[in-house]
Engineer: 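Below: one structure in structure tokens.
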Amino acid sequence: MSPKRSGPTPKVDPKTWVPVTIRDVAKVAHVSTGTVSNVLNRPDIVAESTRQRVLDAVESTGFIRNTQAYQLRGGRSHTVGVVVLDVSNPFFTEMFRGAESRLQSEGYVLMLGSTDDSIEREANFVRAMEEHRVEGVLITPVAADLVSLSGLKTRGVPTVLLDRKATADEFCSVTVDDVRGGELAARHLFETGHAEVVFVNGPTTIRQCRDRRQGVRKAVRAVAKAKKVEVTELSVGALTVRNGEEAVDRILAMSPRPTAVMCANDLLALGVLRGLAAHGVRVPDDLAVVGYDDLIFGSMLSPALTSVRQPALELGVAAAELLLDEVRNPDHRHREVRFEPELMVRASSFKSS
Ligand code: RIB
């Protein structure tokens with residue numbers, strides 16, 4: 001329980017500052033150090049008047065608990081580590097918000113890190129989180145083989161995979177059926193009359209990109225008997241707005257010119273829309289555009305972006321629930337919570353007659 005601080009934090013000179021100790025607080029509050037410790041760790045067993053007197057002393061002395069020392073004495077850190085692929089992508093920050101809202105209600109704080117699809121960055125974050133004695137980890141792993149998570153498993157740190165399926169029952173996971181999502185987007189374009197489609201996809205080292213491509217190919221096979229459709233995959237180095245914008249020159253140079261662009265995520269789609277606007281290409285009249293994630297800005301664009309919705313907030317909440325169960329339930333069994341994608345059709349790919 002931390003006191004509500006009122007007024008500005010006292011200015012201290014780093015050269016002369018001496019940390020305020022629990023003994024200083026006890027002296028000011030006229031109680032034992034054990035009572036101060038109880039107020040900080042088990043406030044429910046301390047009388048209200050005593051508890052308030054101690055909290056007032058904590059505030060007036062500027063006492064701040066030394067978490068490391070507390071943990072070394074076997075205390076809990078009340079911290080959960082969250083590692084995602086790209087914190088600049090609103091999909092991941094929305095998923096983080098879902099997990100944070102659920103875990104904060106249980107007294108946890110969250111540490112957030114972004115791997116940018118780097119194995120080395122992931123390993124550094126996992127190590128730093130273990131050093132902070134996090135009580136659990138939510139992670140979108142970079143590598144397919146999950147080897148980097150073996151240390152967490154060995155040390156019994158509850159771990160839930162975010163937006164990633166686990167093999168067998170080694171971890172809990174929350175996922176979205178990206179194969180289905182890719183199929184929904186491609187079928188929508190075929191069913192609205194597009195036969196020449198370009199699919200702007202990220203690196204296939206990213207599982208989500210591989211699955212979305214698999215869904216596109218499944219949709220091509222499904223319509224092959226009824227109509228001839230051609231999907232050309234255009235690969236970019238990362239799923240960013242800039243890469244989407246830079247892909248437009250390559251799209252406009254294609255022959256025959258595609259009539260529709262499907263993007264592996266909404267950041268790419270936003271970049272494609274920017275590039276098309278700069279070239280005076282009309283959407284959807286000259287070129288239909290479909291994204292993936294259904295980020296909040298998509299519905300606010302003009303034309304509003306058609307996109308495959310992933311329930312990012314719900315994914316984060318579900319991951320937090322799985323983690324809390326693993327931390328608290330001795331009979332916990334790992335499981336996958338799977339969500340279905342939903343196609344949100346809007347003006348960037350569909351003109352109502
Ligand atoms: O990080 C790549 C993509 O995978 C994100 O845009 C989101 O779609 C996630 O599922």
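As the structure lists them, so they are numbered: ligands from 1, and atoms in each ligand from 1. Please read these numbers as outputs of a predicted model, since none were measured by experiment.
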Engineer: Any N or O of Asp178 that comes nearer than 3.5 Å to an N or O of ligand 1?
Structural biologist: no
Engineer: Could you grab the distance from atom CG of Leu268 to atom CG of Leu273, nearest 0.5 Å is fine?
Structural biologist: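 Leu268 CG to Leu273 CG: 11.0 Å, rounded to 0.5 Å.
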Engineer: What part of Arg164 sits under 4.0 Å from ligand 1 if we count only heavy atoms: the side chain, the backbone, both or neither?
Structural biologist: neither
Engineer: Can you list the atoms of ligand 1 that are under 4.0 Å from a heavy atom of Asn89?
Structural biologist: 5 (C), 6 (O)
Engineer: Checking a contact table here: which protein heavy atom is nearest atom 2 (C) of ligand 1, and how many Å away?
Structural biologist: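 Heavy-atom neighbour on the protein nearest atom 2 (C) of ligand 1: Leu239 CD1, 3.2 Å.
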Engineer: We want to know whether Asp24 and Thr21 form a side-chain donor-acceptor pair, criterion being a heavy-atom distance below 3.5 angstrom.
Structural biologist: yes
Engineer: How long is the span from the CG atom in Leu184 to the CZ atom in Arg309, to the nearest 0.5 Å?
Structural biologist: 13.5 Å
Engineer: Evaluate Leu267 against Thr240 for side-chain contact (heavy atoms from CB on, under 4.5 Å), listing each step before the verdict.
Structural biologist: CA-CA 5 Å; Leu267 298 183; Thr240 62; 5.6 Å; no
Engineer: Could you tell me which atoms of ligand 1, counted from 1 in the order shown, lie closer than 4.0 angstrom to a heavy atom of Asp163?
Structural biologist: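 Checking each atom against Asp163, I get 4 (O), 9 (C), 10 (O).
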Engineer: Regarding Arg180 and Glu183, does a basic nitrogen lie under 4.0 Å from an acidic carboxylate oxygen?
Structural biologist: yes
Engineer: Which of the numbered atoms in ligand 1 are below 4.0 angstrom from a heavy atom of Leu85?
Structural biologist: 1 (O)
Engineer: Out of Lys218, Arg207, Arg213, which one pairs with Asp178 under the salt bridge (Lys or Arg N to Asp or Glu O under 4.0 Å) rule?
Structural biologist: Arg207
Engineer: Just need the protein heavy atom nearest to atom 8 (O) of ligand 1, so name the residue and atom and give the distance.
Structural biologist: Asp293 OD1, 2.4 Å
Engineer: Considering only the protein, which heavy-atom contact is closest to atom 3 (C) of ligand 1, and what is its distance?
Structural biologist: Arg212 NH1, 3.8 Å
Engineer: For atom 4 (O) of ligand 1, what is the nearest protein heavy atom, given as residue, atom name and distance?
Structural biologist: Gln208 CG, 3.4 Å
Engineer: Is the cationic atom of Lys153 (NZ for Lys, CZ for Arg) positioned less than 6.0 Å from the six-membered ring centroid of Phe171 and within 45 degrees of its normal?
Structural biologist: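 Judged by the rule, Lys153 and Phe171 form a cation-pi pair.
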Engineer: What atoms of ligand 1 come closer than 4.0 angstrom to any heavy atom of Asn265?
Structural biologist: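 Those qualifying, in numeric order: 6 (O).
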